[in-house]
Amino acid sequence: MSSNSRGIGVFDSGVGGLTVVKELRKILPQEKIVYFGDTARVPYGTKSKEAIIRFTMENVLFLLKQNVKLIVIACNTSSSLALPVIKKHFRIPIIGVILPGAKESVYATRNKRIGIIGTRATIASRAYEEEITKLEPRAKIISQSCPLFVPLVEEGWLGGDIVSSVAEQYLKPLKNFRVDTLILGCTHYPLLGKVIQEVMGKGVSLIDSSKQIAMEVKEILEEGSLLQKGKKAGENNLYCYVTDKPKIFKELGEKFLGERIKNIYEVK
Ligand code: DGL
C-alpha cells in the first residue's frame with residue numbers, strides 16, 4: 001500500500017469525535033478514515049490522569065496497527081492529559097485538539113476575555129489556559145466543567161427546557177465574566193451549540209475546533225506529500241471500530257456525522 005493511500009486515524013472516547021470526522025470529510029473527502037471509539041470505557045472525563053494516558057496509548061497503538069499515516073486525538077480529555085506524554089514515543093504526526101482550539105479563540109476574541117467549557121479532567125488539566133496564555137499573555141480566562149452535557153447529548157437531548165436550564169446554570173459565571181469567546185472544549189458540545197449560543201447571547205463566538213483541526217491535517221498531509229489523490233469520495237472510505245455497542249454507536253454516530261456509517265466493527 002502506498003503511503004498516500006493509508007488512512008487518517010481518529011480516536012475519541014466514544015462517538016463525539018465524529019464531529020471532527022465530519023469536518024475532515026468535507027475538506028478531504030477522498031481520504032480513508034479509520035475511526036476508533038472507545039465506547040466500552042467512555043467517559044474519559046471522569047477518569048484519572050494515569051488511566052487516560054494508558055487508554056490513549058492503547059488507542060494509538062490500535063490505530064497504528066491499522067497502518068494509518070497520521071493520528072488525530074479528537075478527545076479533548078486525552079489531548080489535554082495524555083498527548084504531551086505520549087507524543088514523543090511515535091514517529092507519525094499526532095495532532096490533538098487543544099492547540100487548534102486555543103489558537104482560534106485568540107483570533108476570535110476582541111475583549112480578550114475567553115471562556116472554556118469541558119469535562120472535569122480537561123478543565124482540571126488547565127491545558128487550554130496554558131496554550132492561550134502562551135499565545136496571548138493578556139488574556140483573561142475563565143473555565144467551567146459541565147459534566148451533565150455529555151450524558152444529555154448521548155441521550156439525544158439536544159434542546160428543550162431541561163437542557164436550557166442546565167446550560168444556564170453552568171454558563172452563568174462565564175456570562176458574568178463577560179467572555180466574548182467560548183471554547184467548546186469537548187467533542188459532544190458542538191451538538192448543544194444552539195442552546196449554548198442562546199444562553200450566552202449572539203455576541204459570543206463559540207469555538208468548535210474541528211474545522212481548524214481538519215485544516216491542520218490537510219496542511220500536514222500536503223507538506224509531507226501524503227495526500228490521497230484521484231480517488232472517489234464515499235461512505236466506503238470510513239471505517240469505524242468500537243469497543244462496545246456498535247448498534248448504538250451507529251445510531252448516534254449517524255446523527256453526529258450526518259451520513260450513513262457502513263463499515264463498523266467491534267474490537268476487544
Ligand atoms: N470525548 C470527551 C472529550 O472530548 C468527552 C466524553 C468523555 O468524557 O469521554 O473530552
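Please read these numbers as outputs of a predicted model, since none were measured by experiment. Note that ligands are numbered from 1 as they come in the structure, with each ligand's atoms numbered from 1 the same way.
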Mark up the atoms of ligand 1 that fall under 4.0 Å of a heavy atom belonging to [X], in ascending order.
{"X": "S13", "value": "1 (N), 2 (C), 6 (C), 7 (C), 9 (O)"}
{"X": "V42", "value": "9 (O)"}
{"X": "D12", "value": "1 (N), 2 (C)"}
{"X": "G45", "value": "7 (C), 8 (O), 9 (O)"}
{"X": "T119", "value": "5 (C), 8 (O), 10 (O)"}

**Asked** Any luck finding a side-chain donor-acceptor pair between S13 and D38 under 3.5 Å?
**Response** no
**Message:** Heavy-atom contact check, 4.0 Å cutoff: does C186 meet ligand 1?
**Reply:** yes
So, are [X] and [Y] salt-bridged, with charged N and O less than 4.0 Å apart?
{"X": "K218", "Y": "E31", "answer": "no"}
{"X": "R54", "Y": "E50", "answer": "no"}
{"X": "R25", "Y": "E259", "answer": "yes"}

Would [X] count as a polar contact of ligand 1, with the cut-off being nitrogen or oxygen pairs under 3.5 Å?
{"X": "P43", "answer": "no"}
{"X": "Y44", "answer": "yes"}
{"X": "T187", "answer": "yes"}

**Message:** How far is atom 10 (O) of ligand 1 from the closest protein heavy atom, and which atom is that?
**Reply:** T77 OG1, 2.6 Å
**Request:** Establish, yes or no, whether a centroid distance under 6.0 Å links the rings of Y170 and F149.
**Result:** yes
**Asked** What about the rings of Y265 and Y241, do their centers lie closer together than 6.0 Å?
**Response** yes
**Prompt:** Between K22 and F256, is NZ or CZ placed under 6.0 angstrom from the six-membered ring centre and within 45° of the ring axis?
**Reply:** no
